[in-house]
2 protein chains.
Amino acid sequence: MKVTIKDIAKKANVSVTTVSRVLNNKPDVGDQTRTKILKLIEELNYKPNSVARGLVMQKTHTIGLIIPDISNPFFPQVARAIEDKAQKSGYSIIFFNTDNHLEKEKKAVELFKSKQVDGLIVSLSLGNEEILKELKAANYPVVQIDRSVFSNSYPLVSIDNKNSAYQMVEYMLKKGYKKIAHITGDLKTTTARDRLAGYKKALNDYQVEINEDYIIKGDYTQQLAFEAMQTLLKLKEPPTAVFAANDLSAAGVYKALFAAGLNIPADIAVAGHDDIDIASLLRPELTTMRQPKYSLGEKAVSVLLKMIDNYEAEVEAQILKTKLVIRESV
Amino acid sequence: MKVTIKDIAKKANVSVTTVSRVLNNKPDVGDQTRTKILKLIEELNYKPNSVARGLVMQKTHTIGLIIPDISNPFFPQVARAIEDKAQKSGYSIIFFNTDNHLEKEKKAVELFKSKQVDGLIVSLSLGNEEILKELKAANYPVVQIDRSVFSNSYPLVSIDNKNSAYQMVEYMLKKGYKKIAHITGDLKTTTARDRLAGYKKALNDYQVEINEDYIIKGDYTQQLAFEAMQTLLKLKEPPTAVFAANDLSAAGVYKALFAAGLNIPADIAVAGHDDIDIASLLRPELTTMRQPKYSLGEKAVSVLLKMIDNYEAEVEAQILKTKLVIRESV
DNA sequence: CTGAAAGCGCTAACAG
DNA sequence: CTGTTAGCGCTTTCAG
């Protein structure tokens with residue numbers, strides 16, 4: 001059967017305490033005893049049961065990750081960074097996909113609490129401020145990633161979405177485009193709202209009137225962006241450029257444009273946001289704003305670990321920089 | 001502080017045993033007592049500690065997932081399916097990236113054992129048969145996904161890679177291509193070896209001589225495929241078609257071809273494998289073999305759960321079908 | 001229908 | 001330097 005600390009103790013003729021001491025590299029163990037025990041551990045291939053350890057230590061060395069969808073190309077790199085960083089620090093990652101579904105987000109939090117994870121990295125939807133309030137009241141370590149649903153509660157690791165969108169639209173404006181449409185992201189998220197705000201601000205600052213027909217609601221998916229673009233094309237006066245809220249949406253725009261026999265950027269210019277892998281693979285290559293996806297993940301973990309180690313420590317939001325990546329589509 | 005079963009018991013003036021009974025929906029509890037306890041649980045917002053439960057039940061309702069890299073576009077969909085299916089069955093997923101690194105794979109297994117996960121879904125590299133043998137000896141529930149490193153030990157959920165590659169090459173052959181090169185995947189994996197075998201077999205069956213210069217070792221990454229294609233182009237007699245071991249490699253091939261000012265498929269035809277999202281986004285759209293990624297993940301979980309529930313149950317390998325997706329690149 | 005007692009595997013005072 | 005004791009939060013006989 002499974003070998004436990006007792007087995008080691010018995011075979012070594014010592015108490016479990018002593019075994020526990022060598023397991024945890026504590027002093028106060030005779031050299032002879034120590035080596036004897038170490039040998040036994042080796043021989044019997046004993047591995048401490050971390051569930052038992054977790055129970056007494058009140059610490060599981062596990063982090064819960066709550067994201068909308070790991071198969072959305074933005075998240076794998078973030079998740080990879082999170083797992084890398086966690087791995088290095090001796091933590092494991094349990095992940096949970098929510099599809100931005102409020103009920104699933106709640107379920108995830110309950111699950112993680114019952115699993116006694118040491119902290120949470122979350123990307124929630126607007127409407128779930130309650131969750132964070134409760135967590136906060138219980139002093140649970142949490143960091144928000146990508147989007148914030150309740151900014152004053154927990155540190156956020158993200159980018160300045162408004163400014164990032166602004167930069168892109170400004171670039172388009174400076175290129176001479178005036179009829180710029182915007183396909184939004186899921187407006188249940190702060191990121192989508194902020195990008196929309198950035199788009200509007202840029203137009204305002206450059207004295208270009210905002211045309212509500214040019215703002216179509218999307219949800220960050222290719223499919224909806226495809227349909228949005230079709231709507232845009234049916235306009236009396238179609239736009240000459242479109243800023244898609246993310247690259248996946250830009251890909252949907254590409255498809256609609258190709259289907260209509262239009263050329264990018266000659267007929268209509270297209271910009272995206274995020275710089276996911278496919279951006280440089282699209283033809284023409286997509287002009288977009290690069291998010292430091294890997295860094296976001298790393299930072300989130302380091303901020304969280306700081307909170308875990310010392311809840312009182314001052315942990316600040318980390319707003320990383322995006323970068324305009326000029327390629328061929330604008 | 002955290003509310004425990006004891007707190008509930010105390011407030012309800014009953015023993016913890018009774019509370020435990022209602023927690024687990026056991027009979028033999030008076031209606032009055034039950035409702036009283038239920039009310040208290042609600043009021044105090046009590047959630048059972050699953051670490052403690054896991055310790056006594058010897059069951060954590062957790063599955064360990066060992067994959068090379070979640071940010072490789074093939075895996076997110078698989079991972080999503082795994083998490084979905086697990087979630088539905090009350091299990092959580094801890095994931096671990098190994099980069100096909102033998103040491104990391106070992107570390108992952110050790111970690112998961114110490115965490116007492118109920119089972120493992122693994123995608124390992126050749127050279128780590130030992131791991132599986134040990135696991136097997138300990139009767140640990142494991143299912144291999146995508147690739148097998150030790151076929152007779154544990155069930156494999158995957159596709160018939162040899163046959164799949166064969167189909168693609170056969171299609172190219174029938175299209176009239178004779179000078180077909182192959183950029184392999186990472187030959188530390190069975191998938192890459194099988195695809196290579198399928199490629200060779202197709203050429204043989206169609207009496208096309210195998211030209212070793214046309215077989216370039218890759219590792220499933222875009223970068224190496226890019227370089228491989230450059231090598232191919234320098235050949236005295238460059239190929240007229242190339243079968244890349246996966247779509248990511250095909251993307252690398254695209255880049256090299258574009259850089260050389262060549263047209264696809266006019267100058268050189270390109271085929272991939274897997275049908276990841278970008279395949280239909282590339283221009284020209286990529287002809288490839290579709291892997292049922294989501295199904296692979298689902299099946300892996302259901303096979304594993306069967307093993308967990310009853311280790312003796314006969315669980316068979318699941319070899320799913322791939323599908324030739326003809327688009328524009330061949 | 002209910003409770004007392006034991007124990008899952010481990011750590012942590014406290015003695016000696 | 002080492003062992004005894006208690007206990008983490010929960011489930012499970014076994015009595016009553």
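Chain identifiers are assigned alphabetically (A, B, ...) following the order of the sequence lines, protein sequences preceding nucleic acid strands; residue numbering begins at 1 within each chain.
Rounded to an integer number of Å, the gap from B:Lys47 NZ to D:dG9 C1' is 17 Å. Rounded to an integer number of Å, the gap from NZ of A:Lys10 to P of D:dG3 is 15 Å. Remark: C1' of D:dT2 and CD of A:Gln32 are 14 Å apart, rounded to the nearest angstrom. Note: NZ (B:Lys2) to P (D:dG9) measures 10 Å, nearest angstrom. Summarising the geometry, the separation between CD on A:Gln116 and P on D:dC8 is reported as 14 Å, rounded to the nearest angstrom. B:Arg53 has its CZ atom 16 Å from the C1' atom of D:dC8, to the nearest Å. One atom, CG of B:Asn49, and another, P of D:dG9, lie 7 Å apart when rounded to the nearest Å. Going from atom CG of B:Asp31 over to atom P of C:dC1 covers 8 Å, rounded to whole Å.
Between B:Tyr91 and B:His61, the ring planes are tilted. Angles from 30° to 60° get that label.
Contacts of A:Asn13 with the nucleic acid, taken as non-hydrogen atoms under 4.0 Å apart, involve only primed sugar atoms and P, OP1 or OP2. At a threshold of 4.0 angstrom between heavy atoms, the contacts of A:Val14 are confined to the sugar-phosphate backbone, with no base atom among them. At a threshold of 4.0 angstrom between heavy atoms, the contacts of B:Thr17 include nucleobase atoms, whether or not backbone atoms are also involved. Nucleic acid contact for B:Ser20: base, since at least one base atom lies under 4.0 Å from a heavy atom of the residue. Among the atoms of the strands shown, none is found under 4.0 Å from any heavy atom of B:Lys59.
Contact check, A:Lys6 against C:dG7: no side-chain N or O comes under 4.0 Å of OP1 or OP2. Put simply, B:Lys26 has no side-chain N or O that comes within less than 4.0 Å of OP1 or OP2 on C:dC1. In this model, the phosphate group of C:dT11 is approached by a side-chain N or O of A:Asn24 to a distance below 4.0 Å at OP1 or OP2. In terms of phosphate contacts, B:Thr18 brings no side-chain nitrogen or oxygen within less than 4.0 Å of OP1 or OP2 of C:dT2. Between B:Gln58 and the phosphate of C:dG9, there is a side-chain N or O to OP1/OP2 separation shorter than 4.0 Å.
Annotation: of the two residues near DNA chain C, B:Ala52 and B:Ser15, the 5′-most nearest-nucleotide partner is B:Ser15. For the pair B:Leu55 and B:Arg21, both in contact range of DNA chain D, the more 5′-proximal nearest nucleotide belongs to B:Leu55. When each of B:Val56 and B:Thr33 is assigned the nucleotide of DNA chain C with its nearest heavy atom, B:Thr33 is the one assigned upstream, toward the 5' end.
Surrounding NZ of A:Lys39 are at most 12 heavy atoms belonging to other residues, nucleotides or ligands under 6.0 Å away. Applying the 6.0 Å contact sphere to NZ of A:Lys299 captures no more than 12 heavy atoms from other residues, nucleotides or ligands. The number of heavy-atom neighbours closer than 6.0 Å to NZ of A:Lys11, taken from other residues, nucleotides and ligands shown, is 12 or below.
Contact annotation: the side chain of B:Leu156 never approaches that of B:Val143 to less than 4.5 Å [non-hydrogen atoms, C-beta and beyond]. Looking at heavy atoms from C-beta onward, B:Thr60 lies out of side-chain contact with B:Lys115 at the 4.5 angstrom threshold.
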